[in-house]
Amino acid sequence: MSIRNSFVKAARPTAFAVLAVAVAAALGMPQAAHASAFQLKENSAKALGRSFAGSATAGDDASVVVNNPAAMTMLTGTVFQADVTAINFSTKFSGTGTDAFGRPLGGGNGGDGGTTIPVPAFFLSTQVNDRTHIGFAVTAPFGFKTNYNPGWVGRYHALKSDFQSLDATLSASYDLTDNFSIGASVIAQHTKAELTSAVNYNGVAAGLIQQAVAGGVLPAAAAPTYLSTINAVVPPGSDGEARIKGDDWGYGWQLGAFWKLTDSDRLALDYHSKISHTLKGNARFTMPSNVTALLSSPTVAPLLAGAGGVPFSNTTGTAPFTTPAFANLSYWHQGEKYGVGADVTWTKWSTFKELRVNYANPAQPASVETFDWENTLFVSVGGEYYVNDKLTLRGGVAVDGSPTSQAHRDPRVPDGTRRWISVGLGYKPTQKLDLNVGYAHIFVSDAHVNNLSPTGDRLVGNFSDKGNLLAFSAAYHF
């Protein structure tokens with residue numbers, strides 16, 4: 001047996017003991033849903049063609065059931081409308097990754113972490129009498145999905161991220177006067193999330209040694225020896241995977257107002273409440289065989305009993321989570337051959353201060369991620385031109401601010417300021433049937449990251465993003 005092997009064999013029990021003593025205080029989960037600007041406005045092909053300018057005031061669009069219930073006053077009879085938007089989002093990383101000791105991490109750049117997903121929406125509005133409307137809708141107001149190649153340089157920050165909110169909305173409006181209407185909605189929201197990332201077990205073990213030195217458990221002079229031992233027992237590349245899934249129902253409300261300023265001008269104001277959730281679900285872990293052997297060894301296993309259990313064991317968990325409040329101001333001027341409008345949407349992203357995930361396993365301490373996001377504005381202008389009674393052409397531009405900053409941005413949704421350019425087409429084959437298509441290209445500012453994982457792995461670089469939206473709708477007037 002070599003001198004080195006003899007040393008490793010002799011040193012392992014002590015290293016195992018240090019690992020076990022410190023493990024309960026040092027384990028970190030993968031980053032939870034650092035979900036950047038994940039609001040989805042895509043619920044109307046007609047509005048998409050104008051970059052959502054006049055979203056609540058342009059008229060004859062049943063999406064107002066969720067965009068501003070007071071604007072249902074512009075709908076006559078009963079209308080059923082179905083929309084679907086294909087969202088294509090591309091994100092590509094260029095940069096480097098290092099572990100807690102500055103050693104380069106192997107792996108590629110993750111490929112294209114974006115995806116193409118369909119976002120459906122369904123609306124039903126009916127006129128009860130001359131002054132009253134009611135409506136129902138099913139929409140997806142929040143969501144994102146990214147998925148990077150396994151083994152990429154940012155694997156300890158994110159692999160797969162899938163977040164979805166689905167709303168069922170019941171709305172009503174009432175015309176107080178011929179020129180002023182009010183509306184309200186009650187909202188049931190189902191939110192679910194699935195997050196995966198790699199776990200750097202070498203980084204976990206090295207971090208425990210560092211904490212033991214900082215806490216006086218080990219002398220500083222002994223740290224290199226123990227780190228060498230750890231690198232032999234759990235060498236770099238000893239990766240596992242963590243997967244978190246959870247869901248919850250939450251409830252909210254909405255209030256809207258609609259003014260006919262003149263025969264040609266309309267103004268609408270809407271406020272949508274925040275919706276609070278407590279996501280409940282499961283955390284699942286995989287471990288390489290050397291880590292499994294270490295945690296189950298006769299030296300370590302008895303010490304883990306004092307921590308209340310074995311870390312990185314499958315467990316249940318909960319996480320408080322809130323989708324933000326937002327307000328929208330919409331204006332439209334209606335001419336004989338054209339219409340022009342503008343929208344401003346304010347979103348209270350400052351609600352996101354932190355996300356805390358609590359686990360049923362007492363050996364798995366709560367993970368806390370700081371958000372500190374800022375409130376944002378979405379501003380758009382657009383219009384449409386009526387070629388004839390059947391054909392309408394649309395166009396618009398928009399700027400959508402990002403709530404994130406480099407200090408708290410990570411690869412799950414690498415967001416930057418977005419600039420939209422949109423076009424659309426409407427066609428009425430009959431007086432009862434209305435068909436629409438809308439397209440938007442989104443230019444995204446480079447998203448710079450300088451982010452640490454819970455195990456001290458640093459990802460530095462840029463994400464180059466872009467998006468394409470293609471929407472279709474059909475509305476039938478009964």
Side-chain angles (χ1 to χ4, degrees), residues 31 33-43 45 48-49 51-52 83-97 107-120 140-165 193-198 349 373 376 378 380 396-406 408-424 437-451 459-472:
Q31 298 285 345
H34 194 163
S36 203
F38 55 88
Q39 188 173 19
L40 298 176
K41 299 180 71 69
E42 291 76 16
N43 56 30
L48 176 63
S51 292
F52 294 94
D83 288 75
V84 63
T85 303
I87 299 179
N88 171 257
F89 175 73
S90 172
T91 181
K92 296 181 179 180
F93 174 74
S94 60
T96 60
N109 284 335
D112 190 340
T115 188
T116 300
I117 58 173
V119 178
F142 297 96
F144 72 88
K145 184 176 182 179
T146 52
N147 197 0
Y148 300 97
N149 294 338
W152 80 294
V153 70
R155 60 192 177 274
Y156 303 128
H157 303 258
L159 289 173
K160 179 182 178 181
S161 307
D162 191 356
F163 173 86
Q164 301 174 32
S165 285
E194 179 181 357
L195 309 166
T196 70
S197 66
W349 289 113
W373 287 354
T376 61
F378 174 93
S380 66
V397 294
V399 176
D400 189 8
S402 172
T404 66
S405 63
Q406 182 171 311
H408 302 297
R409 185 181 294 126
D410 74 11
R412 293 208 179 273
V413 180
D415 189 49
T417 298
R418 307 170 186 180
R419 295 168 179 83
W420 297 48
I421 182 167
S422 304
V423 294
V437 59
Y439 169 79
H441 180 76
I442 302 177
F443 305 87
V444 186
S445 300
D446 282 353
H448 306 289
V449 295
N450 188 344
N451 190 253
L459 187 68
V460 179
N462 298 308
F463 283 88
S464 297
D465 304 338
K466 62 182 178 180
N468 292 284
L469 312 174
L470 181 62
F472 299 92

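Not measured: the values here are computed from a predicted model. Side chains included, hydrogens not; waters and symmetry mates left out as well; all remaining heavy atoms used. For the single chain, residues carry numbers from 1 onward in sequence order.
Asp415 has its side chain within reach of Pro403: a pair of non-hydrogen atoms, C-beta onward, lies under 4.5 Å apart. The closest side-chain heavy-atom distance from Asp83 to Asn43 is not below 4.5 Å. No side-chain heavy atom of Phe93 sits less than 4.5 Å from a side-chain heavy atom of Tyr148. A heavy-atom distance below 4.5 Å is not found between the side chains of Ile117 and Phe89. Here the side chains of Thr96 and Val153 are not in contact, with every heavy-atom distance at 4.5 Å or above.
Taking the ring centroids of Phe443 and His441, they lie under the 6.0 Å cut-off.
With Asp112 contributing its side chain and Thr91 its backbone, the two residues share a donor-acceptor pair below 3.5 Å. The closest donor-acceptor contact from the side chain of Trp152 to the backbone of Leu159 lies at 3.5 Å or more, if one exists at all. Side-chain atoms of Arg412 never come within 3.5 Å of backbone atoms of Thr146 as a donor-acceptor pair (strictly under, hydrogens ignored).
Nearest heavy-atom pair, Glu42 versus Trp420, reported as atom, atom and distance to 0.1 Å: OE2-CH2, 3.3 Å. Here the closest heavy-atom approach between residue Val119 and residue Ala140 is recorded as CG1-CB, 3.9 Å. The shortest non-hydrogen separation linking Thr376 to Ser402 is CG2-C, 3.6 Å. Nearest heavy-atom pair, His157 versus Leu459, reported as atom, atom and distance to 0.1 Å: NE2-CB, 3.5 Å. What you find for Leu48 and Ala471 is that their closest heavy atoms are CD2-CB, 3.6 Å.
Scanning for side chain to side chain contact (heavy atoms under 4.5 Å, CB included) contacts around Asn147 gives Lys160, with sequence neighbours left out.
For Leu470, the CG atom counts as densely surrounded, since its 6.0 Å shell holds more than 12 non-hydrogen atoms of other residues, nucleotides or ligands.
With rounding to the nearest 0.5 angstrom, the NZ atom of Lys145 is 10.5 Å from the OG atom of Ser161. To the nearest 0.5 Å, atoms CG (Asn149) and CZ (Arg155) are separated by 12.0 Å. Atom CD in Gln164 sits 10.0 Å away from atom CZ in Phe144 (nearest 0.5 Å). In this structure, the separation between CG on Asp400 and OG1 on Thr417 is 8.0 Å, given to the nearest 0.5 Å.
If you check the side chains of Ser51 and Ser380, you find no donor sitting under 3.5 Å from an acceptor. No side-chain N or O of Asn462 forms a donor-acceptor pair with one of Ser94 less than 3.5 Å apart.
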Discussion item. For a side chain to side chain contact (heavy atoms under 4.5 Å, CB included) check, start with the C-alpha distance between Leu40 and Thr85, then their side-chain angles and the critical distance, and finish with the verdict.
Written reply: CA-CA 10 Å; Leu40 298 176; Thr85 303; over 6 Å; no

